[in-house]
There are 2 protein chains.
Amino acid sequence: MTAAAGEMGDGGERRRPITPLPRGAGTALWDAIRADLLDRIKRLEFAAGEQLPSEASLADGYGVNRMTVRRALAELARAGAVRTEHGVGSFVAPQPIRHRIDDGNISLLESMNSRGHAVRQEHQQVITHPDPAATGDQGVPGLAQLAGVGLSSPSELWTFPAFPGPLVEYRYKLLLDEVPWCRSFAVLPSQLVPEDWDRDKSVFNAVADAHDLQLRRDDRRFSALAADARDAALLDIAVGAPLLLLSGTNVDQHGRIVAYIVHRIRGDRAEYALHVPR
Amino acid sequence: MTAAAGEMGDGGERRRPITPLPRGAGTALWDAIRADLLDRIKRLEFAAGEQLPSEASLADGYGVNRMTVRRALAELARAGAVRTEHGVGSFVAPQPIRHRIDDGNISLLESMNSRGHAVRQEHQQVITHPDPAATGDQGVPGLAQLAGVGLSSPSELWTFPAFPGPLVEYRYKLLLDEVPWCRSFAVLPSQLVPEDWDRDKSVFNAVADAHDLQLRRDDRRFSALAADARDAALLDIAVGAPLLLLSGTNVDQHGRIVAYIVHRIRGDRAEYALHVPR
DNA sequence: TAGTGGTCTAGACCACTCA
DNA sequence: GAGTGGTCTAGACCACTAG
C-alpha cells in the first residue's frame with residue numbers, strides 16, 4: 001500500500017489537503033495549527049475515532065517542524081479533542097459525550113446505573129489504616145492531597161467520631177461503557193464494612209444493608225484540577241487534562257459520618273447535574 | 001550585580017543548589033525536574049510568591065537543555081503551582097487558596113460578598129441578541145460552546161418562553177482580592193433589565209427588585225474543562241489550566257426562566273460547596 | 001522490521017519588561 | 001540594553017506497536 005497521506009477512502013472527497021498556514025500573524029504557529037486541526041475535526045474532515053495523519057506527515061504538510069505539530073496535538077489532547085497512542089498514532093476522540101450524573105443517589109455507581117448506563121467498578125487497591133485517634137493523626141495520610149490542597153480544615157477531614165477504630169480506604173475506578181470515567185477513593189470505618197460485600201456493587205449499599213442504616217449525602221464540594229501522571233494512566237487521558245473534583249461525606253440517619261469520598265472525574269466525560277425541587 | 005543563581009538572600013541557608021538529576025530511570029527528565037521543583041516549593045525552599053531561577057540558570061543547574069526545563073515549568077504552571085510572566089520570570093504561585101462558594105445565593109457575586117470577600121465585578125461586554133423566536137434560532141449563538149459541548153439538548157437552552165423579545169448577554173469577570181477568579185456569562189430577557197441598574201452590583205438582584213420577583217436557582221451543572229487562550233488571558237492562568245464549569249438557570253417564584261448563567265472558574269481558586277440540610 | 005509517538009539537544013531569533 | 005520567557009528549527013535517539 002503506497003497510500004499518500006492526503007488520500008483516504010471514506011469522506012475523502014471533502015478533505016482538504018494539509019497546506020502551510022500564514023505565519024507570523026500575531027498568533028503562534030502551533031496555535032494556528034491547533035485551530036486548523038480542530039476546525040477540520042469539527043467539519044468532519046476527520047471523523048470521530050479516525051486516525052489523524054502522523055506527526056511527521058502533518059509537519060511536512062504544514063511545512064513546519066515536528067515539534068510545532070506536537071505542541072498543537074498536545075493541546076488538543078489536553079482539551080479532549082484528540083487521543084494519542086504511543087507507537088500507534090493520534091485519533092479524533094470519539095464523540096465527547098458528557099454523561100450526566102444526577103444527584104440523589106448515595107454512590108456514583110448507583111447514580112449511573114439508575115440511568116441505564118453500563119457501569120463497571122474496577123478495584124485498584126484496598127488499604128487499611130490504623131485508628132487515627134490512637135496514632136494522633138488527623139485521619140488518612142496522603143488522601144488530602146488527592147482531594148486537592150486546602151479543601152477543608154484538616155480537623156474536620158477523615159475522622160469518624162462515631163465509629164472509632166481502624167479505617168479502610170478503597171481505591172477504584174469507574175468505567176462507563178468500558179471507557180475509564182472516574183478515579184475514586186472512599187474511606188470508611190473498618191468495622192462497618194461487611195465481610196461478604198460483593199465487590200461489584202456499591203460498598204455504601206453494603207454498609208447500609210448490613211447495619212440497617214439510611215445513608216445520605218451530607219455535603220459535596222466541587223472543584224477542578226489537572227490530571228497527574230497517575231490519573232492520566234488510569235483514565236486514559238493526557239497529563240494535565242481537566243478533572244472534575246468531587247468530594248463529599250456520607251452520613252446515616254443519625255447524622256453520624258460514615259464515609260468520605262473523593263472522585264476525580266474526567267471533565268470531558270461528565271457533568272454533574274443538580275436540580276433544585278423548590 | 002554579579003549574584004550567582006544559587007545564592008540568594010532570604011531563606012537561602014536551607015536552599016539546596018540545583019544539581020543534575022539521575023537520568024533514564026524510567027521517568028522522563030522533564031517529569032523528574034517537575035517533581036524536584038515541586039518538592040522544593042513544598043519544602044519552602046522557594047517561598048510563595050518568590051521568583052524562581054531563570055529557565056537558563058535552571059537548565060544550567062540541572063545540566064539539561066532549556067526546553068526540558070520549560071516542559072517542567074509549563075506542567076507546573078498548568079497545575080497552578082507556578083505562574084509565569086513573559087519577560088519577567090517564573091514565580092511560585094501565592095498560596096493556592098480555594099475560596100469556598102456556598103450555595104444558596106442567586107449570584108456568584110453575592111455568594112462571595114456574603115462571605116466577606118472583597119469581590120469586584122468587571123464588565124467585558126454587553127451584547128444584544130434579537131428575539132430567538134423571531135429568527136428561528138434556538139437562542140444565543142456561540143454561547144453553547146462556552147458552556148461546553150453537549151451540556152444539554154439545544155431546545156431547552158437559551159430561550160425564555162415567558163419573556164419573548166430580544167436578549168441581553170453580559171460578559172464579565174469576577175475578581176477576588178483583585179485576583180481574577182472567574183469568567184462569567186449571563187443571558188437575560190432584555191425587557192427585564194432595568195435601565196438604572198448599578199453595574200457594580202448583581203444584575204439578578206436588579207431584575208428581582210425592579211419586577212418584584214423572587215429569583216432562585218433552578219438547576220446547576222458542574223463539569224471541568226481546559227482554559228482556552230481567552231480564558232488564560234482574562235484569568236491570568238496558563239492555557240490548558242483546569243476550569244470548573246458551572247452553568248445554571250435562574251427562575252422566579254412562578255417557575256419562569258429568567259436567566260441562564262455560565263461560570264468558568266479557576267480550578268485552583270475555587271471550590272463549590274453544597275450542604276444538604278436534610 | 002517499519003512506522004509511530006516520546007524525549008532531548010543545541011542553537012537561533014523574537015517579544016516582552018524593566019532599569 | 002540586559003535579561004527574561006515564547007517560539008521554532010533540524011536532527012538525533014529511544015520506546016512502543018503492529019504486521
Side-chain angles (χ1 to χ4, degrees), chain A residues 1-5 20-35 37 50-78 82-92 229 232-233 236-240, chain B residues 1-5 20-35 37 50-78 82-92 229 232-233 236-240:
Chain A
M1 220 174 310
T2 60
L21 300 174
R23 299 173 87 107
T27 59
L29 249 187
W30 68 261
D31 203 31
I33 291 173
R34 180 201 58 77
L37 286 173
E50 189 181 339
Q51 182 165 9
L52 294 174
S54 72
E55 295 176 353
S57 72
L58 282 175
D60 192 48
Y62 285 120
V64 302
N65 188 268
R66 185 177 148 223
M67 293 300 278
T68 308
V69 165
R70 279 183 60 75
R71 175 79 195 267
L73 287 173
E75 225 62 56
L76 289 171
R78 236 188 309 275
V82 152
R83 189 175 46 86
T84 283
E85 285 181 39
H86 190 180
V88 185
S90 291
F91 302 83
V92 177
D236 195 22
I237 52 179
V239 171
Chain B
M1 224 173 306
T2 60
L21 300 174
R23 300 173 87 110
T27 58
L29 249 186
W30 68 262
D31 203 32
I33 292 172
R34 181 201 57 78
L37 286 174
E50 189 181 338
Q51 181 166 9
L52 294 174
S54 71
E55 296 175 352
S57 72
L58 283 175
D60 192 47
Y62 285 120
V64 303
N65 188 268
R66 185 177 148 223
M67 293 300 277
T68 308
V69 165
R70 279 182 60 76
R71 174 77 195 268
L73 287 173
E75 226 61 56
L76 289 171
R78 237 188 308 276
V82 151
R83 190 174 45 85
T84 283
E85 284 182 38
H86 190 181
V88 185
S90 290
F91 302 83
V92 177
D236 196 21
I237 52 179
V239 171

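Side-chain atoms are counted along with the backbone in the values below, which use heavy atoms only and exclude waters and symmetry mates. Numbered from 1 within each chain, the chains take letters A, B, ... in sequence-line order.
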Name the pairing partner of D:dG6, where a pair is Watson-Crick or G-U wobble with both distances under 3.5 Å, or state none. C:dC13
Looking at the side chain of [X], which of [options] is the nearest nucleotide?
X	options	answer
B:Leu29	C:dC8, D:dG6, C:dG5	C:dC8
B:Arg66	C:dC8, D:dT7, D:dA12	D:dT7
B:Arg23	C:dT17, C:dG6, C:dC8	C:dC8
B:Asn65	C:dT9, D:dA15, D:dT4	C:dT9
A:Arg71	D:dC16, D:dG11, D:dT7	D:dT7
B:Ala28	C:dG6, D:dT7, C:dT7	C:dT7

Is the shortest side-chain N/O distance from [X] to OP1 or OP2 of [N] below 4.0 Å?
X	N	value
A:Thr84	C:dG6	no
A:Arg70	C:dG6	yes
B:Thr68	C:dT7	no

Between [atom2] on [N] and [atom1] on [X], what's the gap in Å once rounded to a whole number?
X	N	atom1	atom2	value
A:Glu75	D:dG6	CD	P	13 Å
A:Arg78	C:dG6	CZ	P	12 Å
A:Leu58	C:dG5	CG	C1'	12 Å
B:Asp60	C:dT9	CG	C1'	15 Å
B:Asp31	C:dT7	CG	C1'	12 Å
A:Leu52	C:dT4	CG	C1'	13 Å

Taking A:Val88's backbone N and O only, do any of them form a donor-acceptor pair with A:Gln51's side chain (distance below 3.5 Å, no angle check)? yes
Do A:Arg71 and A:Leu29 come within less than 4.5 Å of each other through their side chains, counting heavy atoms only? no
Intermediate values then yes/no, side chain to side chain contact (heavy atoms under 4.5 Å, CB included), A:Glu75 and A:Asp31: CA-CA 9 Å; A:Glu75 225 62 56; A:Asp31 203 31; 5.8 Å; no
Given A:Ser90, which partner from the list A:Leu58, A:Leu37, A:Thr84 fulfils the side-chain contact (heavy atoms from CB on, under 4.5 Å) test? A:Thr84
